[in-house]
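Just so you know, these numbers use all the heavy atoms, side chains as well, and skip hydrogens, waters and symmetry mates. Reminder, nothing fancy here: chain letters follow the sequence lines and each chain counts from 1.
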Amino acid sequence: MPELPEAEANRLRIERDCLNRTIEAVELGEDTDYLELPGDNERKRLVGHQFTQTHRHGKLIFAGSKTGPWIGVHLGMTGSLRPFDEDDSPPDYAKFLIRFEGDRRLAFSCPRKLGWVRVIDSPEAEIARIEYGPDALEIDRATFANVIGGSRGATKSALMDQRKFAGVGNLWSDEILYRVGIDPERKGTDLSENSLGDMHEAMRAILRAVMDTGAYYDRLPDDWLIHTRKIGAACPRCNGKIEKTKIGGRSAYHCTRHQK
DNA sequence: ACATCTGTTACGGC
DNA sequence: AGCCGTAACAGATG
């Protein structure tokens, strides 16, 4: 699920269902080989504390409090955070579970095991440690233009580089470039100041719009690429065709006619 | 059987 | 030095 808007949808579930409840136990689920999850001592650190606030930075989700420890979560490709009640069965692929007072629980589900959960002292320290850039919705136009405009590789790869700014991945980088009519392969250094400004605005508008739907893609406008990510599909915006190429090891869908 | 997938990271090359 | 691109990681799905 997860780029910035999908991470935000997961954060909101914690915010709504898991705050201000004392943590009674923190457990691991089945089959956690290869997954980075908190060990015994770190899990114990959480017990007795409450989460009173959440935070999101790019694709990262945090929950904690002024004084207590925090958890930091990266969803990987297929992760999700799912509050549930004791009476319900835990979600499939639950790898990390928190039991709060009462019958509320929170599961980190992660089928493909590419995400992680860490117990940390503060979101800011963790963000700095892993060298993420500013959140994609916080970066201002001038900084965006410098960072993308100074990038010598494919613009698509630059948009997805979490150290430049954090939150954009494969799906929404395609959507941004589709909207502004830029070929994903174009070098950042070839882009005009105007193009960079348009791209910054498109990034903000797209991430906001997806967030506003709660990441339900079928509620997004018909002329978005997301509905047409298929080789040979008719471009909703011109008479072109959608094609797929490989950039930086990822599939880049784009219109060969209006993206130049 | 094989390719694909919304993510990251280690490493070699320029 | 720093930037860039590729392969690798692992499991589910069609």
Side-chain angles (χ1 to χ4, degrees), chain A residues 1-11 29-37 56-61 72-81 91-96 108-118 126-127 129-133 135-136 146-178 184-191 203 206-207 209-211 213-220 224-233 242-254:
Chain A
M1 292 235 357
E3 295 177 42
L4 183 152
E6 296 81 4
E8 180 67 5
N10 280 270
R11 182 190 72 81
E30 298 287 298
D31 183 22
T32 57
D33 297 357
Y34 306 107
L35 244 181
E36 184 190 343
L37 297 170
R56 183 195 53 69
H57 186 99
K59 306 171 187 177
L60 300 178
I61 301 158
V73 180
H74 194 298
L75 298 174
M77 292 253 257
T78 56
S80 58
L81 288 164
D92 289 343
Y93 307 104
K95 305 297 183 187
F96 175 86
F108 168 63
S109 166
C110 199
R112 234 182 115 187
K113 302 204 242 187
L114 290 167
W116 48 255
V117 178
R118 293 172 188 159
E126 182 63 12
I127 291 161
R129 199 177 68 77
I130 62 181
E131 300 179 321
Y132 270 25
D135 185 81
N146 281 341
V147 154
I148 299 298
S151 160
R152 291 178 272 145
T155 299
K156 177 180 172 63
S157 301
L159 287 170
M160 293 196 295
D161 183 348
Q162 305 300 296
R163 288 165 311 189
K164 292 185 165 44
F165 52 83
V168 174
N170 201 29
L171 231 43
W172 304 128
S173 64
D174 276 355
E175 196 73 49
I176 292 163
L177 292 163
Y178 177 81
E185 208 111 34
R186 275 283 283 292
K187 296 185 200 321
T189 47
D190 285 350
L191 300 175
M203 174 176 80
I206 286 166
L207 295 177
V210 181
M211 262 178 18
T213 68
Y216 287 98
Y217 302 161
D218 50 7
R219 295 181 198 164
L220 293 167
W224 281 38
L225 177 65
I226 184 76
H227 307 300
T228 318
R229 293 182 109 245
K230 241 186 237 163
I231 296 167
I242 304 303
E243 290 304 335
K244 183 175 85 160
T245 52
K246 276 261 188 265
I247 299 179
R250 312 302 304 281
S251 297
Y253 287 86
H254 57 102

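Base pairing analysis places B/dT6 opposite nothing; no Watson-Crick or G-U wobble pair with both distances below 3.5 Å involves it.
The shortest distance between the side-chain N/O atoms of A/Lys244 and the OP1/OP2 oxygens of B/dC5 is below 4.0 Å. Contact between the side-chain N/O atoms of A/His74 and the OP1/OP2 oxygens of B/dG7 is not found at any separation under 4.0 Å.
Nucleic acid contact for A/Lys187: none, since no nucleic acid atom lies under 4.0 Å from a heavy atom of the residue. Residue A/Arg229 is in sugar-phosphate contact alone, with no base atom involved, counting any heavy-atom pair closer than 4.0 Å across all strands shown.
Nearest nucleotide to the A/Ser157 side chain, out of B/dC5, C/dG5, C/dC9: C/dG5. Nearest to the side chain of A/Tyr93, among B/dC5, C/dA12, B/dG7, sits C/dA12. Listed nucleotides B/dT8, B/dC5, B/dT6 differ in distance to A/Lys59; the shortest reach to its side chain belongs to B/dT8. Listed candidates were C/dG11, B/dT8, C/dC4. Nearest to the side chain of A/Tyr34 is C/dG11.
In this structure, A/Tyr217 has its ring center closer than 6.0 angstrom to the ring center of A/Trp172.
The pair A/Asp33-A/Lys113 does not meet the salt-bridge criterion, since no charged nitrogen lies less than 4.0 angstrom from a carboxylate oxygen.
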Exercise for review: Take A/Arg56 and A/Asp135 through the salt bridge (Lys or Arg N to Asp or Glu O under 4.0 Å) test and state the conclusion after the steps.
Suggested key: CA-CA 9 Å; A/Arg56 183 195 53 69; A/Asp135 185 81; 2.8 Å; yes
